[in-house]
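Okay, so here's the structure we're looking at.
Start at 1 with the first residue, then count along the sequence.
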Amino acid sequence: SFLCSRRLLFGPHTNTARMLSPATLRMASLYNQLWLLLLSCATVTSFLSTTRSSPTFQQKQQQWPKLHQPLRVAVPLPDLGVVEDIGLEPELQAESAPSDPRVGVLLLNLGGPETSDDVEGFLYNLFADPDIIQLPGPLSPLQPLIAWFVSSRRAPKSKEAYESIGGGSPILKYSNEQARLIREAIQQKYGLAVKTYIGMRYWYPFTEEALDEIQKDNIEALVILPLYPQFSISTSGSSLRVLQEEFSKHASKYSKMQHTVVPSWYDRPGYVQAMVDLITEQLDSFTSQELEEQRKVGDGTLKPRHVLFSAHGVPKSYIEAGDPYQKQMEECVEKISAKLPDDVGVHLSYQSRVGPIEWLRPYTDDVLPSLGEQGVRNLVVVPISFVSEHIETLEEIDIEYRELAEESGITNWRRCPALNTYPGFVQDMADLVIEALAEPAQTVTEACVANRVRDVELQPLDERLGINTAGIQGVGGDFDGSLLLRDQERLVARIAMVGVAVTILLELINGKSILQVIGS
């Protein structure tokens with residue numbers, strides 16, 4: 001009964017576990033390990049006093065908890081030429097090992113409309129996600145209605161953008177091809193047969209559909225791999241939250257399936273080298289004439305070649321709430337830049353902001369004119385957040401930003417392709433899956449808690465907006481009339497929040513600031 005109570009407290013599918021801090025979870029994990037050690041000692045003592053064929057011993061062995069263990073998969077190790085049964089205790093390896101579990105790999109991605117007719121539905125799903133567009137708490141029930149209104153107004157303009165790249169997003173095509181190649185690479189290098197699945201956040205095939213397929217295939221060990229190198233609440237976090245909700249609602253349905261999550265992989269040497277290879281190919285494409293043109297600009301101190309890493313932006317409030325995205329992005333760019341030639345200037349900017357709130361700076365559409373003013377002529381733009389081509393690379397970068405760059409005097413434009421099906425990237429993802437099977441499992445709940453997915457919602461709304469409910473400058477919180485003061489402040493705050501929401505709505509609909517709307 002004691003083990004059962006601990007399971008309820010620290011199990012991966014409970015509300016309690018979701019609210020625990022990473023430090024608390026680490027302490028719980030350490031406590032689990034110490035308890036299992038004591039339990040093992042007690043079992044050895046019992047074993048010495050009973051026969052190995054004792055039904056009581058066998059029954060207890062089957063009831064041992066399996067917390068924080070690797071997924072039990074037999075993986076061939078190429079360097080050793082042997083098979084290592086990962087996760088089995090040494091004393092149990094001598095006994096007959098169970099057959100290998102059915103292994104699945106779930107790749108998570110954004111999704112995108114395949115045709116122009118899909119655009120409005122895709123936009124609705126995007127704006128209806130509170131991890132993308134956060135409304136003030138009192139207005140959150142209106143999000144579906146606002147999402148419908150905004151998506152219907154913005155759909156015509158978005159359709160034009162998709163028409164300019166062929167009528168739809170190629171993200172599903174690339175994701176399917178990546179899944180196939182990763183599956184084949186695992187089979188070829190490790191001799192392990194796995195099934196791969198695609199779970200999109202905002203369009204078909206949705207994550208829920210992928211889970212249905214996983215259930216039909218009776219997958220017993222699942223590696224969950226977001227196709228975002230860096231973790232963010234708005235990308236990997238949003239997809240993992242869907243999974244966590246599904247696992248929590250249907251705990252018994254998934255009780256026989258072990259799973260592990262790879263929250264981010266921006267610092268993997270294989271990924272870094274793949275990016276370096278693709279960037280170097282573009283850097284080497286500058287002709288001697290183009291390099292000479294750069295040397296003649298200004299006082300000659302500018303480096304002859306420049307690289308601009310254009311990352312997808314996120315609201316600044318996410319970073320302040322603990323989102324690790326910016327830190328991981330900067331570390332990622334630093335690792336890649338360290339492997340580039342010394343005569344290359346490196347820059348980082350953020351694109352794709354929406355609405356009137358402050359997003360991560362500097363913005364790409366500000367950096368490009370600035371580079372032009374500095375005299376930069378040879379520029380390689382790298383879509384660092386994306387592993388496959390889609391609207392933000394093919395339309396926003398290739399069309400909008402290229403036009404802006406050329407208008408700013410950047411005459412020799414290059415764009416590094418997304419990783420897509422680059423062999424080095426595919427092989428590194430295959431290695432990553434095998435490593436995830438061998439390492440201690442990290443559940444969806446643990447990944448969410450460790451990356452502070454819930455923190456944006458956990459912080460009180462008044463505190464997020466900077467409203468002081470303890471008197472002026474924190475003084476007078478114990479005054480008898482403080483409740484009246486708090487009510488007045490909250491009333492003013494609610495009015496302000498309605499104003500903010502209306503402003504956000506108008507700017508999303510019109511695609512420009514409220515001042516521009518009034519001025520027009």
Side-chain angles (χ1 to χ4, degrees), residues 15 18-19 110 119-158 201-203 206 232-235 237-242 244-245 248-249 312-323 325 352-360 448 452-470 483-518:
N15 291 329
R18 288 183 303 194
M19 306 294 289
L110 180 80
V119 170
E120 186 172 339
F122 169 77
L123 290 177
Y124 171 82
N125 293 331
L126 184 69
F127 291 122
D129 181 6
D131 288 319
I132 297 295
I133 302 296
Q134 291 186 345
L135 294 176
L139 298 180
S140 58
L142 298 178
Q143 183 140 14
L145 178 61
I146 294 175
W148 170 80
F149 187 72
V150 174
S151 60
S152 62
R153 293 293 300 270
R154 290 181 67 92
K157 183 177 180 180
S158 296
R201 183 64 181 90
Y202 303 116
W203 202 243
F206 291 111
S232 174
I233 295 171
S234 59
T235 53
S238 180
S239 293
L240 292 179
R241 183 176 292 189
V242 171
Q244 189 223 25
E245 290 173 354
S248 298
K249 290 178 183 176
H312 196 290
V314 299
K316 188 177 179 182
S317 60
Y318 283 33
I319 306 302
E320 294 171 347
D323 193 328
Y325 178 74
S352 309
R353 69 185 186 275
V354 178
I357 61 176
E358 181 77 6
W359 285 52
L360 284 180
C448 288
R452 304 174 71 87
V453 171
R454 295 283 174 176
D455 278 11
V456 173
E457 301 298 332
L458 287 177
Q459 188 180 11
L461 181 63
D462 293 336
E463 293 179 14
R464 293 216 309 269
L465 296 177
I467 301 170
N468 189 346
T469 60
L483 291 177
L484 177 60
L485 178 60
R486 294 174 187 176
D487 291 339
Q488 291 173 344
E489 286 189 344
R490 283 198 171 96
L491 176 61
V492 174
R494 297 303 183 259
I495 296 174
M497 287 187 292
V498 172
V500 170
V502 172
T503 302
I504 293 174
L505 180 60
L506 288 175
E507 296 198 4
L508 287 173
I509 294 172
N510 293 278
K512 53 185 178 180
S513 72
I514 189 66
L515 294 178
Q516 291 174 317
V517 174
I518 296 174

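- For the pair Ser238 (side chain) and Ser234 (backbone), a donor-acceptor distance under 3.5 Å is absent.
- Atom OG of Ser140 sits about 9.5 Å away from atom CD1 of Ile146, to the nearest 0.5 Å.
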**OP:** May I have the step-by-step check of side chain to side chain contact (heavy atoms under 4.5 Å, CB included) for Phe206 and Val242, ending in yes or no?
**Re:** CA-CA 10 Å; Phe206 291 111; Val242 171; over 6 Å; no
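- With a 4.5 Å cut-off on side-chain heavy atoms, Ser151 and Phe122 do not count as touching.
- To the nearest 0.5 Å, the span separating OH on Tyr124 from CH2 on Trp203 amounts to 12.0 Å.
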Original post:
Run the side chain to side chain contact (heavy atoms under 4.5 Å, CB included) check on Val150 and Leu123 step by step: do they pass?
Top reply: CA-CA 8 Å; Val150 174; Leu123 290 177; over 6 Å; no
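- Checked by atom type and distance alone, the side chain of Gln143 pairs as donor or acceptor with a backbone atom of Phe127 at under 3.5 Å.
- The structure places CZ of Arg154 at 9.5 Å from CG of Leu126, a figure rounded to the nearest 0.5 Å.
- Annotation for Asp323 and Ile233: closest pair OD2-N, 2.9 Å, computed over non-hydrogen atoms.
- Evaluation of the ring-ring contact (aromatic ring centres under 6.0 Å, His included) rule for Tyr202 yields no partner, not counting sequence neighbours.
- Note: Arg353 CZ to Lys316 NZ = 14.0 Å, rounded to the nearest 0.5 Å.
- No side-chain heavy atom of Leu110 sits under 4.5 Å from any side-chain heavy atom of Thr235.
- Residues Ala128 and Ala147 share a closest heavy-atom pair of N-CB, 3.6 Å.
- Taking CZ of Arg153 as the start and CH2 of Trp148 as the end, the distance is 10.5 Å to the nearest 0.5 Å.
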